[in-house]
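Here is the structure we will look at, set down as structure tokens.
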Amino acid sequence: ACTNSPSSSQQASSATYDASASSASGTAAIGGEVVEHPEQLPRVAADPAKVPPPPDYTGARTHEIHLVAREVLAELKKGVIFRFMTFNGQVPGPMIRVRQGDTIDLYFTSDPKNKYPHNIDFHSVYGTGGGAVALMCGPGQTRHIRFKVMYPGAFIYHCAVPDLDMHISSGMFGMMVVEPPEGLPPVDREFYIGQHEVYVKPPVNDHTEALFDMDAMMQEIPQYVLFNGAFKGLTSEGYGPMHAKQHERVRIFFVDGGPNLSSSFHPIGNVWTRAWRDGGLANVPEKYLQTINVPPGSCAVVEMDLPIAETIHLADHSITRYARKGLGADIVVSGK
Amino acid sequence: ACTNSPSSSQQASSATYDASASSASGTAAIGGEVVEHPEQLPRVAADPAKVPPPPDYTGARTHEIHLVAREVLAELKKGVIFRFMTFNGQVPGPMIRVRQGDTIDLYFTSDPKNKYPHNIDFHSVYGTGGGAVALMCGPGQTRHIRFKVMYPGAFIYHCAVPDLDMHISSGMFGMMVVEPPEGLPPVDREFYIGQHEVYVKPPVNDHTEALFDMDAMMQEIPQYVLFNGAFKGLTSEGYGPMHAKQHERVRIFFVDGGPNLSSSFHPIGNVWTRAWRDGGLANVPEKYLQTINVPPGSCAVVEMDLPIAETIHLADHSITRYARKGLGADIVVSGK
Amino acid sequence: ACTNSPSSSQQASSATYDASASSASGTAAIGGEVVEHPEQLPRVAADPAKVPPPPDYTGARTHEIHLVAREVLAELKKGVIFRFMTFNGQVPGPMIRVRQGDTIDLYFTSDPKNKYPHNIDFHSVYGTGGGAVALMCGPGQTRHIRFKVMYPGAFIYHCAVPDLDMHISSGMFGMMVVEPPEGLPPVDREFYIGQHEVYVKPPVNDHTEALFDMDAMMQEIPQYVLFNGAFKGLTSEGYGPMHAKQHERVRIFFVDGGPNLSSSFHPIGNVWTRAWRDGGLANVPEKYLQTINVPPGSCAVVEMDLPIAETIHLADHSITRYARKGLGADIVVSGK
Ligand SMILES: [Cu+2]
Ligand SMILES: [Cu+2]
Ligand SMILES: [Cu+2]
Ligand SMILES: [Cu+2]
Ligand SMILES: [Cu+2]
Ligand SMILES: [Cu+2]
Ligand code: NA
Ligand code: NA
Ligand code: NA
Ligand code: NA
Ligand code: NA
Ligand code: NA
Ligand SMILES: [Zn+2]
Ligand SMILES: [Zn+2]
Ligand SMILES: [Zn+2]
Ligand SMILES: [Zn+2]
Ligand SMILES: [Zn+2]
Ligand SMILES: [Zn+2]
Ligand SMILES: [Zn+2]
Ligand SMILES: [Zn+2]
Ligand SMILES: [Zn+2]
């Protein structure tokens, strides 16, 4: 038994998937599936405040984790329907938090309604493909692996089939945090955010799935760059901002899925008081960084102090992506 | 009273702006404003040797700083007229140098001849937009804020209106250095250099303003990448190289405005003896780095020893930008 | 006399160059040289296991090094003939390994059959162009310089003529490791790998040289991204994988020639136990990094532990380059 299993989070979030719309679909050269009621499509944006607690147990523990590959039609922004591929119906996939030396009992299932094969590469794991070979699943299949996490850090996990760039770009990435034996310093509040880029052709209309744009991905020129898979998703224009209180210290677990672009991660109106570059929790954190390079397929653990009440806008400081391609995640700091 | 105010530097540099040419302008789809005498357009390239001295006072001080947004037609290279947007008529904007715990009395004015709204985001400041909301100015307006700099480092400041990528790409960025209480180690010579990229369509002819290329910016494929806003500007092909003497140690305050590209900053013929990555002056500097990643919206403070007389060429080692897109800044080291 | 001279390695590798095919060539707008027997073209991929031993001598030593610029037609993949430019017929050029304080007696020769001028910029050297000015050679010429390596680190060397981006993209880069006085910690096995990107138009047919694509290079959108100059070159689809044994610690000397792209260097199925960012051997190495940013014109020295038998796939985690543009280098870890 384990309180940390992400299997209980958001995995039912694709329940609103409209099967009738799906059966009326036509996948033509000019567009994808037709959706009668796009407004009923599910939310894929992970709740950034849903962060597992730090390990509080003594000794090594075994965690039973369930991850489910789900292909989910959803609006990445109003009027743009995209075939997300997800872990547990959310982008990024559930954050997993364990301690160095713990064991993971990992069950991976592919939703029977899926069209594509999927697997998982955990950067936190020694072994061919980071587990990907052992976890390959066709629709309806389940695989199980057990492994020990042997080194500390914040690590991405992601689908790693041959078309992995397309699958990651469709949302198949998440984070596993392996805390060092002494744990992380306590903070007042934690958030979980993932950046990735979407390569998609303009949709035929606002009821038709926009098709993946392989040429754009080859050029590494995405149409959208998103936090948690939604256009301005974590702002008042989307699902609403995050909230914190003056004088708190907040920590962000940040994962850059890519598939191709580095993020120059910056908090507009604040500074990273403390930052573990590349998620390297075994290293001395850097202090007072304005902007931190986060390569695709990597992470950062960053913290801010909140001496004043303000609204902080998170951004990739490749700032056209923030101004015009959909990045948006705000933290509203209320005074006290 | 304060000797450190950038308001006294170069702010009159746009005085040669040709108002008559401006009144004869036609802003058509095929080109921008027509300039009768491009050779009379002002220089916007900041003098890289104009570096404020380190804080030499005891105790905290209040600095009165005046920054003026000026839209300035100038040649980015011979034959290419560009509508620069600047702080105080120069690119990068004036370097501001203070000490942690000091107070800034900041006056921001927008030139009455401007067309666009402007503001400033200081990465050195806690507060919504880094001050941008409080400093928003239409043409002819002035705003004032007072703030305390609470953490050390070398920080970019930049315009942060909704079209901020266009404004930064037009030149609206500069640097504020907040020295730690103990100061920086002494060196023999200091320089100040900013990199940014320009997205512009080919000009109709050499008397017509080249128009901004929004598509190129969306693709992050600039036509020009420049040091201090000028094509090969800090070399003998431009305004002339920098100068230093053998056996000196020189420090460069480097800011990457972007708006989108990381710089892989390298001194051809030398090495960074000591480097504060991302301008993080609170951290232990790294030693002997050949090339340092500087994200857009970030800085680096780097130093070189000069054991021999030589000419050092500064470059972004994304070397096509150096070979073909206009980067050029040389340091001539004379023997002694 | 010196056992470390790279002049003995692979320099005869272009001996199979087909002069008769060359004389039958036509360099037309639609294609390059015609090659009758592409299967007889030489291998340019450097052997990743050919790593010079660490300095084992006491006191400073003088090393006589011979580097030869060779333009070599070769297949970068089956059916794509490319005019490589190389040091000693291999990509990356020979790894040179010395100790801080040593002297290099460097002889640079340009093959008489070359068409282009060449030189060398060593990032490990103080002096204008890193030696490039003194080493400029037309076809058939030889130049000599002698220099002392004064600072430690892993440094790129590369051709630095005005078209240096084209020459580097054609293969003209390698690495010089300057060990600190105390040396590097011992490991069980070492490899040497270089990444670079190729800008080339689609070949007319599989017997005709593919032409360089200057527009693609200006856009920084390569057709191929390669390890050691060969498509999936260091895998079973190419020249075969590397080999190591369980429980060993392996070190990789990694150089990113660019000319333009950063590498997000990651070992699929493993983690960098210890990493010297940017080749900065004078610094404390970072621990447990999943992915490390390596700018163009820079290096990284990275290590892995091999607790289990597995196959490790090296990748740039800008993962479309790995999935679709040719990156491939595997390390097969056999159990024991
Ligand atoms: Cu998948
Ligand atoms: Cu990965
Ligand atoms: Cu502005
Ligand atoms: Cu900013
Ligand atoms: Cu060359
Ligand atoms: Cu170089
Ligand atoms: Na892994
Ligand atoms: Na595929
Ligand atoms: Na690009
Ligand atoms: Na700020
Ligand atoms: Na706008
Ligand atoms: Na050099
Ligand atoms: Zn658990
Ligand atoms: Zn509808
Ligand atoms: Zn916002
Ligand atoms: Zn002052
Ligand atoms: Zn004229
Ligand atoms: Zn120069
Ligand atoms: Zn030797
Ligand atoms: Zn044949
Ligand atoms: Zn492989």
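Just so it is clear: chains get the letters A, B, ... in the order the sequence lines come, proteins before strands, and each one is counted from 1. Reckoned from all heavy atoms, side chains included, excluding hydrogens, waters and symmetry mates. Remember, predicted model here, so these are calculated numbers, not experimental data.
Aromatic ring pairs are classed by plane angle as parallel below 30°, tilted from 30° to 60° and perpendicular above 60°; the pair A:Y151 and C:Y288 is parallel.
Looking at C:T311, its side chain never comes within 3.5 Å of a backbone N or O of A:T128 through a donor-acceptor pair. Not one N or O on the side chain of C:N293 forms a donor-acceptor pair closer than 3.5 Å with the backbone of A:P295. A donor-acceptor pair under 3.5 Å is absent between the side-chain atoms of C:E286 and the main chain of A:G280, judged by distance alone. Put simply, the side chain of C:K287 never gets that close to the backbone of A:P152: no donor and acceptor are under 3.5 Å apart.
In this structure, CG in C:L289 is found 7.5 Å from OG in A:S298, a value given to the nearest 0.5 Å. For the atom pair C:I308 CD1 and A:F147 CZ, the distance stands at 11.5 Å (nearest 0.5 Å). In this structure, CD1 on A:I168 lies 6.0 Å from NE2 on C:H317, to the nearest 0.5 angstrom. In this structure, C:D316 CG and A:N260 CG are separated by 8.5 Å, a value rounded to the nearest 0.5 Å. Taking CD1 of C:I319 as the reference point, atom NE2 of A:H158 lies at 6.0 Å (rounded to 0.5 Å). The CD1 atom of A:I156 sits 7.0 Å away from atom CD of C:Q290, with the distance rounded to the nearest 0.5 Å.
The environment of OH in A:Y116 is sparse: at most 12 heavy-atom neighbours from other residues, nucleotides or ligands sit within 6.0 Å. The 12-atom threshold is not exceeded at NZ of C:K245, counting heavy atoms of other residues, nucleotides or ligands nearer than 6.0 Å.
Of the listed residues (A:A282, A:P259, A:G258), the greatest number of heavy-atom pairs within a distance under 4.5 Å of chain C belongs to A:P259. Per-residue counts of heavy-atom pairs under 4.5 Å with chain A were compared for C:V284, C:L306, C:T320; the largest is that of C:T320. When each of A:D165, A:L164, A:V133 is checked for heavy-atom pairs under 4.5 Å with chain C, A:D165 comes out on top.
The shortest heavy-atom contact between A:P296 and C:T291 is O-CG2, 3.9 Å. Minimum interatomic distance between C:E310 and A:G127 (heavy atoms only, all atoms of both residues): OE1-C, 2.9 Å. Of all heavy-atom pairs between A:Y126 and C:T273, the closest is OH-OG1, 4.3 Å. Here the closest non-hydrogen pair linking A:G129 and C:I268 is CA-CG2, 3.7 Å.
Contacts between A:A154 and chain C at a heavy-atom distance below 4.5 Å involve the backbone alone (N, CA, C, O). The part of A:E220 that comes within reach of chain C is its side chain, from C-beta onward, which places non-hydrogen atoms under 4.5 angstrom from that chain. Residue A:I221 touches chain C through its side chain alone, counting heavy-atom pairs closer than 4.5 Å.
Salt bridge present: C:R277 and A:D278 bring a charged side-chain N and a carboxylate O closer than 4.0 Å.
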